[in-house]
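Worksheet for the structure shown next.
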Amino acid sequence: MRRLLLIVLLLAMAGLHTFAQDNTMLAPTPPMGWNSWNIFQTNINEPLLKQMVDSYVSSGMKDAGYTYFVLDDGWMAMERDKNGQLVADPKKFPNGMKEFADYVHSKGLKFGIYNCAGTKTCAGYPGTRGHEYEDARLYASWGVDYLKFDWCYAEGMNAREAYKVMSQALKATGRPIVFSLCEWGSHRPWVWGKDDGQLWRTTGDIGPYFDKPVTKNGWTPLTVLNILDRQDSIRQYAGPGHWNDPDMLEVGNGMTVNEDRAHFSLWCMLAAPLMAGNDLGKLSEQTKNILTNKEVIAVDQDALGIEGFRYYAFDGIEIWVKPLTGGDLAVCFLNRSGRAQTLNYDWTAHLINDTTSKTSVDFTQTTFKIRNLWSKKDLGTTQKVFKQPIPNYDVVMVKLSK
Ligand code: GLA
């Protein structure tokens with residue numbers, strides 16, 4: 001009898017272990033993809049999106065590691081059908097959602113979709129409240145690989161419970177589906193979201209602005225720097241399988257090339273999910289070079305999954321550091337001073353001591369080789385004072401290797 005109990009216990013533990021592993025395996029590194037919201041909002045339709053899928057592949061985004069193609073708000077008909085099922089808007093998607101998902105998969109990409117925990121989506125389409133299990137089954141039948149789950153029209157709901165129910169509904173389908181919690185950081189999802197999903201938004205919505213907020217239609221989205229300044233205190237909650245999500249990328253959506261480069265670099269320093277949000281059919285060379293810089297992406301995707309931190313600041317220049325595999329480091333100098341500057345930085349004058357990742361570096365004891373990840377040039381070692389021009393609202397991003 002005892003032996004039987006022991007066997008049952010061991011089997012149960014093995015089951016739990018596999019389950020926990022699966023949750024991590026869905027996103028061992030921050031998910032990478034494209035999402036329709038930032039550029040198109042609800043103005044989406046099948047021909048436009050198929051063109052985005054084609055450009056995703058032909059532009060080199062897929063080769064650079066982007067995998068998910070996510071439809072945001074606005075894909076549904078205004079009402080559920082007579083059986084209570086969600087349906088794709090027949091005008092926007094005349095061939096239905098399964099056909100569109102098949103198209104995405106046929107190009108070697110994974111397919112993501114959007115809904116809300118509340119009674120309606122933020123744009124007023126049918127929400128999931130009370131339909132969690134049937135919606136999850138429907139998504140699985142379409143071949144959905146990623147669900148972004150928003151938090152509008154959720155009055156009276158408990159965020160933690162609402163996201164747990166949807167997470168369980170997704171798990172019950174048996175299909176691996178990445179679960180992106182989008183409740184804007186209102187209920188500290190970094191504390192409880194890890195068991196439910198793979199990424200959680202940490203703030204309200206981003207806009208294509210670096211520093212100065214712009215109000216449109218009575219609404220003021222956050223700037224890149226607003227969001228950056230809210231990440232440092234929660235970095236200990238991110239790691240392989242569970243990521244802080246500072247919102248999707250605005251690269252290519254109207255900021256200057258310097259600002260776009262800084263935004264992308266900083267998101268990579270944060271080990272952020274990289275969801276491009278620009279018109280892939282109109283990708284300029286500059287935007288493409290930013291979004292597909294493999295050496296910068298490798299910083300984001302580093303297997304240790306350590307979120308970077310603001311390590312030092314002087315004269316309006318911040319230094320962000322991200323420990324990487326093998327004792328290497330990514331270092332990003334951000335100029336937010338309002339004027340062009342020349343860096344003049346003595347590595348040996350500053351110790352790095354990060355208790356969260358248990359990283360300490362003394363540049364008087366260890367010498368690193370320096371590689372500039374944007375100019376793709378090797379720039380000597382940390383024994384010499386580091387001199388580099390740095391325009392306003394731009395970065396110098398380097399990798400230090402032993
Ligand atoms: C919220 C989300 C956005 C987007 C819109 C869609 O604002 O935070 O990312 O999904 O809803 O309506």
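Atom set for the values below is all heavy atoms of this structure, side chains included, hydrogens, waters and symmetry mates excluded. Note that ligands are numbered from 1 as they come in the structure, with each ligand's atoms numbered from 1 the same way. No experiment lies behind these values; they were computed from the predicted model shown. Along the sequence shown, the residues carry numbers beginning at 1.
- Applying the ring pair (Phe, Tyr, Trp, His ring centres under 6.0 Å) definition to pairs two or more places apart or across chains, those involving residues 315-352 are Y312-H350, F333-Y345, F333-W347, F333-F386, Y345-W347, Y345-H350, W347-F363, W347-F386.
- Around ligand 1, the residues contributing at least one heavy atom under 4.0 Å from the ligand are W37, D72, D73, Y114, C122, A123, K148, D150, C182, W184, R201, D205, M248.
- Judged as a side-chain hydrogen bond (donor to acceptor under 3.5 Å, both in side chains), and not counting sequence neighbours, the contacts of N226 are T223.
- Residues satisfying the side chain to side chain contact (heavy atoms under 4.5 Å, CB included) test with K402, not counting sequence neighbours, are T366, F368.
- A ring-centre distance under 6.0 Å is not found for Y56 and W34.
- Taking the ring axis of Y103 as reference, the NZ or CZ atom of K50 stays within 45° of it and closer than 6.0 Å to the ring centre.
- Seen from the ring of Y153, K120 counts as a face-on cation partner, given the 6.0 Å and 45° thresholds.
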